[in-house]
Amino acid sequence: MDLHILDHRLRVTSISKSGLVDYTHPLIKLIFLRNRTRCKFFSLTETPENYTVVLDEEGFKELQPSQRLQVESSVWLPLNVVSNGNASSSSQAVGVTKIAKSVIAPLARQHVSVFMLSTYQTDFILVREKDLSVVVSSLEEEFNIYREVAGESVPVRSQDVRNGLHKNGKEAIQPTVHPVLVPQNQFCVMSLDPDTLPSIATTLIDVLFYSSSPKDGGELSAAPELDCIKFFSFSLIDGYVSLVMDTEAQRQFPADLLFTSSSGELWRMVRIGGQPLGFDECGIVAQISQPLADSDISAYYISTFSFDHALIQTRSSIPVSSLCDPHPCWEGIVTVCHYDKLQ
């Protein structure tokens with residue numbers, strides 16, 4: 001397989017819910033006015049806590065400094081795995097499961113923190129720029145590694161990446177057991193033709209900027225039947241659009257403009273973390289994705305500024321609705337509970 005280090009230098013930011021009004025104009029520009037911005041990598045994810053915005057340096061220039069904007073200090077580089085042009089069969093697991101063993105686990109063993117962004121089209125593994133030499137040396141035996149430079153793919157070897165970082169020599173530590181929350185929403189992973197964005201502009205603006213909850217009444221209830229969370233993700237990366245939304249939000253969009261896989265599968269969310277996870281802890285993605293990979297279970301994974309989110313097919317061999325009776329693959333890794341128990 002080939003591993004590509006894409007030609008984007010990314011920043012990971014968070015906009016508070018109360019501060020959204022200050023950034024509505026630049027966000028609308030980045031989403032809808034592609035001809036008025038040089039941004040090529042943009043992702044916006046709404047969670048109950050905040051809006052996570054991941055974007056390249058050109059897009060980052062659009063966000064004015066503010067107390068309502070948090071910026072993770074590192075520059076991140078997106079990695080993408082290409083299976084030498086061989087498409088996976090429909091029976092194979094998709095999403096982060098495909099790269100758990102070959103990329104995520106080796107980086108976790110080398111104490112490299114990753115930020116995951118799964119989209120309809122592919123999976124991006126974001127690593128800190130300062131960790132690049134560790135990444136290359138850890139993965140070069142498994143992958144042909146290329147770095148995109150001005151549109152060209154240039155082979156990269158560990159001796160080519162000289163930033164003073166090699167295996168960091170840290171002792172292995174016992175992974176933290178994070179609580180996992182299982183909201184009741186069912187989610188869709190979809191895409192659309194970017195040229196049709198103007199056709200859904202009103203709906204998309206309404207969902208992103210004006211809907212405060214998947215249920216009427218605003219605040220999340222502790223009642224199990226209202227045990228849903230607000231989660232909506234929009235990505236526009238190198239001209240490709242990806243959308244993740246729950247079925248209630250999906251009903252607001254014209255069905256003929258959105259497309260998904262032929263099976264039209266629905267996904268349940270596993271939300272990782274009882275308190276904000278931070279960016280320095282390593283191995284969180286590996287802890288969740290490795291058991292899924294071992295069981296050949298399809299999953300998408302979206303990291304945000306505060307928490308991580310895995311999407312698992314509802315027809316998976318590990319029924320998400322019964323995770324409170326933990327499947328052996330989760331034993332010792334997570335503590336599973338319903339959303340209302342950590343309010």
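Residue numbers start at 1 and run along the sequence shown.
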Spell out, as yes or no, whether a donor-acceptor pair under 3.5 Å connects the side chain of [X] to the backbone of [Y].
X      : Y      : value
Asp56  : Lys40  : yes
Lys17  : Thr47  : yes
Glu265 : Cys188 : no
Tyr23  : Gln64  : yes
Ser118 : Tyr301 : yes
Thr37  : Cys39  : yes
Arg268 : Pro183 : yes
Ser295 : Ile297 : no
Arg11  : Glu72  : yes
Asp131 : Val134 : no

- Asn185 side, atom CG; Trp267 side, atom CH2 - distance, nearest 0.5 Å: 16.0 Å
- Distance (rounded to the nearest 0.5 Å) between Leu77 CG and Leu79 CG: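 The distance works out to 7.0 Å.
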Determine whether the side chains of [X] and [Y] contain a donor N or O and an acceptor N or O closer than 3.5 Å.
X      : Y      : result
Ser158 : Ser137 : no
Tyr146 : Asp2   : no
Asp246 : Gln250 : no
Asp238 : His8   : yes
Glu281 : His178 : yes
Ser306 : Asn50  : yes
Thr119 : Ser242 : no

[X] and [Y] aromatic centres sub-6.0 Å:
X      : Y      : value
Phe115 : Phe124 : no
Tyr51  : Phe305 : no
Phe231 : His309 : yes

- Given the rule in the side-chain contact (heavy atoms from CB on, under 4.5 Å) test, do Val182 and Arg271 qualify, once you have shown the distances and angles that lead to the verdict? CA-CA 6 Å; Val182 185; Arg271 176 175 151 109; over 6 Å; no
- With sequence neighbours left out, what residues match Glu142 under side chain to side chain donor-acceptor pair (under 3.5 Å)? none
